[in-house]
A.B. asks: 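Encoded as C-alpha cells, here's the structure I'll be asking about.
Not measured: the values here are computed from a predicted model.
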Amino acid sequence: MRPGQQIPIQHEREARPLKRRHSASYYVHQARDSLTTRVSKIICGIFLTLLFIGGVAAFIAWLSLRPHRPRIHIRDFSIPGLDQPTGSDNAEIIFNITARNSNQAIGYYYDSVEALVYYRSQVIGSAPLVDSFYQEPKNTTILYKVLSGATLNMTSDLWTEFTKDRAVGTVVFRVDITGLVRFKVSTWDSKRHRMHTNCDVGVSPDGSILASYKNKRCPVYFT
C-alpha cells in the first residue's frame with residue numbers, strides 16, 4: 001500500500017424492516033366487513049327499487065282515480081206567459097239540468113238534492129229536485145223540474161218587476177242546486193259532502209231561454 005492511501009471502508013447496508021404479516025383473524029374480519037357492506041348495498045338497492053315502483057304505481061292510481069267534480073249544465077229554462085201583463089196566478093218555471101259524472105272509476109251517491117230559483121237575490125221558487133240516487137262513472141243524469149203553485153213565491157208586484165226587465169230585453173234569474181254527495185270507489189264510500197252549484201240564466205221577452213245561456217256549465221264547489 002502506498003503511503004498516504006486510505007484503506008477503503010465498506011459500509012454495511014441498512015437492514016430493511018421486515019414486513020409484518022397479519023394474522024388469520026384479521027383477514028376474516030376484513031372479509032366479513034366486505035360481505036356486510038355488499039349485502040347492505042344490495043338491500044338498499046332493492047328497497048329503493050321497490051320504493052320507486054310503489055311511487056310510480058301510486059301516481060298512476062292517483063291519475064286514474066282522482067275525483068272530478070260533477071259537471072252541471074243548464075239545458076233549458078223557461079217561464080211560459082212572461083209576455084202576459086198579469087200572469088202571477090198561473091205562473092210556472094220549467095227547467096232542465098244535466099249532471100255529468102266524468103270519472104273513470106268513481107261513482108256518486110246523491111242525497112237531498114234541492115233546486116232554488118232566485119230573482120234579484122230573492123228566492124221565488126224551491127223544491128226537492130230528485131230522490132236519492134247513485135250515478136255510475138261516465139254517466140249523465142237529466143234533472144227536470146216544474147215549479148208552480150205552492151213551490152213558487154210569485155206575487156203581482158214581482159211580476160211587475162219581471163215586465164220592467166222584459167221591456168229592456170232580458171230577465172235574468174239564478175238557479176241554485178244543493179245536495180249531499182258521497183264518492184264511491186269500488187267498495188269504499190266517502191263521507192257526505194255538501195255540493196253547491198249556481199248558474200245565472202237569462203230569458204227573452206217571451207220567457208224562453210236565451211241562446212247565450214243555453215247549455216251553460218255551472219260552477220260547482222263543496223263545503
A.B. asks: Looking at L48, I'd like to know if its CG atom is crowded, meaning that more than 12 non-hydrogen atoms belonging to other residues, nucleotides or ligands lie closer than 6.0 Å.
C.D. replies: yes
A.B. asks: Which of these passes side chain to side chain contact (heavy atoms under 4.5 Å, CB included) with T98: I72, T140, N215, I74?
C.D. replies: T140
A.B. asks: Between NE2 of H73 and CG of N96, what distance do you get to the nearest 0.5 Å?
C.D. replies: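 Result: 12.5 Å between the selected atoms.
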A.B. asks: Is R120 salt-bridged to D165, going by a charged N under 4.0 Å from an acidic O?
C.D. replies: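 Salt bridge flag = yes for D165 with R120.
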A.B. asks: Give me the atom names and distance for the closest heavy-atom approach of A91 to W159.
C.D. replies: CB-CZ3, 3.8 Å
A.B. asks: Would you check, one step at a time, whether the test side-chain contact (heavy atoms from CB on, under 4.5 Å) holds for K138 with Q104?
C.D. replies: CA-CA 6 Å; K138 293 296 181 180; Q104 293 283 351; 3.6 Å; yes
A.B. asks: Got a sec: does the CZ of F222 have more than 12 other heavy atoms crowding it under 6.0 Å?
C.D. replies: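 It does: F222 CZ has more than 12 such atoms within range.
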A.B. asks: Might you work through the side-chain contact (heavy atoms from CB on, under 4.5 Å) test for D200 and K216, ending with a clear yes or no?
C.D. replies: CA-CA 9 Å; D200 291 335; K216 181 179 180 181; 4.1 Å; yes
A.B. asks: For residues A105 and P137, report the shortest heavy-atom separation together with the two atoms involved.
C.D. replies: C-CG, 4.0 Å
A.B. asks: Is the side chain of T197 donor-acceptor paired with the backbone N or O of V220 at a distance under 3.5 Å, no angle test?
C.D. replies: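 No.
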A.B. asks: If we ignore hydrogens and angles and just use 3.5 Å, is the side chain of Y119 paired with the main-chain N or O of E161 as donor and acceptor?
C.D. replies: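 Yes, the answer is positive, given that a donor and an acceptor are paired below the 3.5 Å cut-off.
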A.B. asks: For H196, run the side chain to side chain donor-acceptor pair (under 3.5 Å) check against T178, D176, T223 and tell me which one passes.
C.D. replies: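 The passing option is T223.
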A.B. asks: Under a plain distance cut-off of 3.5 Å, with no hydrogens placed, do N103 and Y108 share a side-chain donor-acceptor pair?
C.D. replies: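 Per modelled atom types, Y108 and N103 side chains form a pair under 3.5 Å.
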A.B. asks: Has R174 got more than 12 heavy atoms of other residues, nucleotides or ligands less than 6.0 Å from its CZ?
C.D. replies: yes
A.B. asks: Counting N and O atoms only, with roles assigned by atom type, does the side chain of N139 sit under 3.5 Å from a partner on the main chain of R100, one being a donor and the other an acceptor?
C.D. replies: no
A.B. asks: Taking ring pair (Phe, Tyr, Trp, His ring centres under 6.0 Å) as the criterion, tell me which of Y134, F133, F183 meets it with Y109.
C.D. replies: Y134
A.B. asks: Any donor-acceptor pair under 3.5 Å linking the side chain of N101 with the backbone of E136?
C.D. replies: yes
A.B. asks: Under 3.5 Å, is there a donor-acceptor pair between the side chain of Q135 and the main chain of A99?
C.D. replies: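 Indeed, once roles are kept as given, a pair shorter than 3.5 Å links the two residues.
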A.B. asks: Of L147, V201, L152, T151, which meets side chain to side chain contact (heavy atoms under 4.5 Å, CB included) against V117?
C.D. replies: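 Exactly one pass, corresponding to L147.
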A.B. asks: Between the side chain of K184 and the main-chain N/O of D189, is any donor-acceptor distance below 3.5 Å?
C.D. replies: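 Not a single qualifying donor-acceptor pair exists.
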A.B. asks: Testing the basics here: between S126 and L116, what is the closest heavy-atom pair and its distance to 0.1 Å?
C.D. replies: CB-CG, 4.0 Å
A.B. asks: Apply the test side-chain contact (heavy atoms from CB on, under 4.5 Å) to residues T49 and F47: give CA-CA distance (whole Å), side-chain angles for both, the deciding distance (0.1 Å), then the verdict.
C.D. replies: CA-CA 5 Å; T49 301; F47 175 76; over 6 Å; no
A.B. asks: Would you say the side chain of I124 lies within less than 4.5 Å of the side chain of F162, judging by non-hydrogen atoms?
C.D. replies: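 With C-beta onward as the side chain, the pair touches.
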A.B. asks: In residues 203-212, what donor-acceptor pairs under 3.5 Å come from side-chain atoms, sequence neighbours left out?
C.D. replies:
unit_1 : atom_1 : unit_2 : atom_2 : d
S204   : OG     : D206   : OD1    : 2.4
S204   : OG     : S208   : O      : 3.2
S204   : OG     : S208   : OG     : 3.1
D206   : OD1    : S208   : N      : 3.1
D206   : OD1    : S208   : OG     : 2.8
D206   : OD2    : S208   : OG     : 3.4

A.B. asks: Can you tell me if K145 uses its side chain to pair, donor with acceptor, with the backbone of P128 under 3.5 Å?
C.D. replies: yes
